[in-house]
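Okay, structure first, notes after.
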Amino acid sequence: QVQLVESGGGSVQAGNSLRLSCTAPAYIIKGYYMGWFRQVPGKEREGVAIIDKNGIVAYANSVKGRFTLSKDSVKNTLYLQMNKLQPDDTATYYCAATPSAPSSEWALSKPVVFAVWGQGTQVHVWG
C-alpha cells in the first residue's frame, strides 16, 4: 500500500509560520499530481494547493500570497510553507496524490479523484 507520510503540524499564534512536509515514493513525487487538502469537523474537505508533474501550482484563493507549495525530487518530499497563518487556517491537513488530472486548478476542487492520501496532520492557529 502506497504511503504518504506527513509531518510539520502544530499549534501557533496567528501571524506565524509552519511548514508541512509529505514524503512519498519517488514515482509519485515525479509523476503524480500532488497537493494538500484541509478539513475541519462538519465541513467538506477543501483544496489548499496542488502541483502538477511540470511544477505548475494552483492555490485556493484563501491562501494565495501566504502559502507556497513546492517539491524536492531528491528528497522525495512535498512541502507546504504556510506564512501569516490565521485562525481560519486551523484544520487537519492531508497530503494527497493522483496520477492524472486536466490541470492543477481543476484538481483543487476535486478531492474525490485523489486515490492516495496521508494520515493527516493537525494545524491549530490561535489568537
- Query: Looking only at heavy atoms, which two atoms of Cys22 and Trp36 are closest? And how far apart?
  - Reply: CB-CZ2, 3.6 Å
- So, do Thr98 and Val116 sit near enough that their side-chain heavy atoms are less than 4.5 Å apart? no
- Message: Tell me which one of His124, Met82, Arg66 satisfies side-chain contact (heavy atoms from CB on, under 4.5 Å) with Asp89.
- Response: Arg66
- Over all heavy atoms of both residues, which pair between Tyr33 and Ser103 is shortest? Give the atoms and the distance, please. CE2-C, 3.7 Å
- Task: Would you confirm whether Thr121, through its side chain, and Gly9, through its main-chain N or O, come within 3.5 Å as a donor-acceptor pair?
- Result: yes
- Look at the side chain of Asn54 and the backbone N and O of Ile56, then say whether any donor-acceptor pair between them is shorter than 3.5 Å. no
- Task: Would you give the length of the straight line joining atom CE of Met34 to atom CD1 of Ile50, rounded to the nearest 0.5 angstrom?
- Result: 9.5 Å
- Work out which heavy atom in Ala101 is nearest to a heavy atom in Ala107; give both atom names and the distance. CB-CB, 4.1 Å
- Task: Return yes if a side-chain donor-acceptor contact under 3.5 Å exists between Gln122 and Thr92, otherwise no.
- Result: yes
- Query: Would you say the side-chain atoms of Asp72 pair up with the backbone N or O of Asn76, donor to acceptor, closer than 3.5 Å?
  - Reply: no
- Shared hydrophobic cluster, Ile29 / Tyr32 (ILVMFWY, side-chain heavy atoms < 4.5 Å): yes
- How far does SG of Cys95 sit from CD1 of Ile28, to the nearest 0.5 angstrom? 9.0 Å
- Query: Could you give the distance from CG (Leu78) to OG (Ser70), rounded to the nearest 0.5 Å?
  - Reply: 7.0 Å
- Query: Does any N or O in the side chain of Thr90 come within less than 3.5 Å of the main-chain N or O of Asp88, such that one atom is a donor and the other an acceptor?
  - Reply: no
- Task: Could you check if a side-chain atom of Thr77 sits within less than 4.5 angstrom of a side-chain atom of Tyr79, using non-hydrogen atoms only?
- Result: yes
- Query: Mind checking whether Trp117 and Phe37 have ring centres under 6.0 Å apart?
  - Reply: yes
- Message: Can a donor-acceptor pair be found, under 3.5 Å and without considering hydrogens, that links the side chain of Ser73 to the backbone of Lys30?
- Response: no
- Heavy-atom neighbours of Lys110 NZ exceed 12 at 6.0 Å: yes
- Item | Arg45 charged N/C atom sitting above Tyr94 aromatic ring, 6.0 Å / 45° | yes
- Can you name the nearest heavy-atom pair linking Ile51 to Leu69, along with the distance? N-CD2, 3.5 Å
- Task: Give, for atom CD of Glu46 and atom OG of Ser109, the distance between the pair rounded to the nearest 0.5 Å.
- Result: 11.0 Å
- Task: For Gly127 and Pro87, work out which heavy atoms get closest and say how close.
- Result: C-CG, 4.2 Å
- Item | Check against side chain to side chain contact (heavy atoms under 4.5 Å, CB included), Val48 and Phe67 | CA-CA 9 Å; Val48 177; Phe67 290 13; 3.7 Å; yes
- Task: Would you name the heavy atoms of Arg38 and Tyr93 that are closest together and state the gap between them?
- Result: NH1-OH, 2.9 Å
- Item | Distance, nearest 0.5 Å, that separates CG of Leu20 from CD of Gln81 | 9.0 Å
- Task: Consider only side-chain heavy atoms of I, L, V, M, F, W and Y, link residues closer than 4.5 Å, and tell whether Leu18 and Leu4 are in one cluster.
- Result: yes
- Under 3.5 Å donor-acceptor, Ser104 side chain and Val57 backbone: no
- Query: How far does CH2 of Trp126 sit from CG of Asn16, to the nearest 0.5 angstrom?
  - Reply: 8.0 Å
- Message: I'd like to check Glu6 versus Gln119 (side-chain heavy atoms, cut-off strictly below 4.5 Å). Are they in contact?
- Response: yes
- Task: Consider only side-chain N and O atoms of Ser17 and Asn83, and report whether a donor and an acceptor are under 3.5 Å apart.
- Result: yes
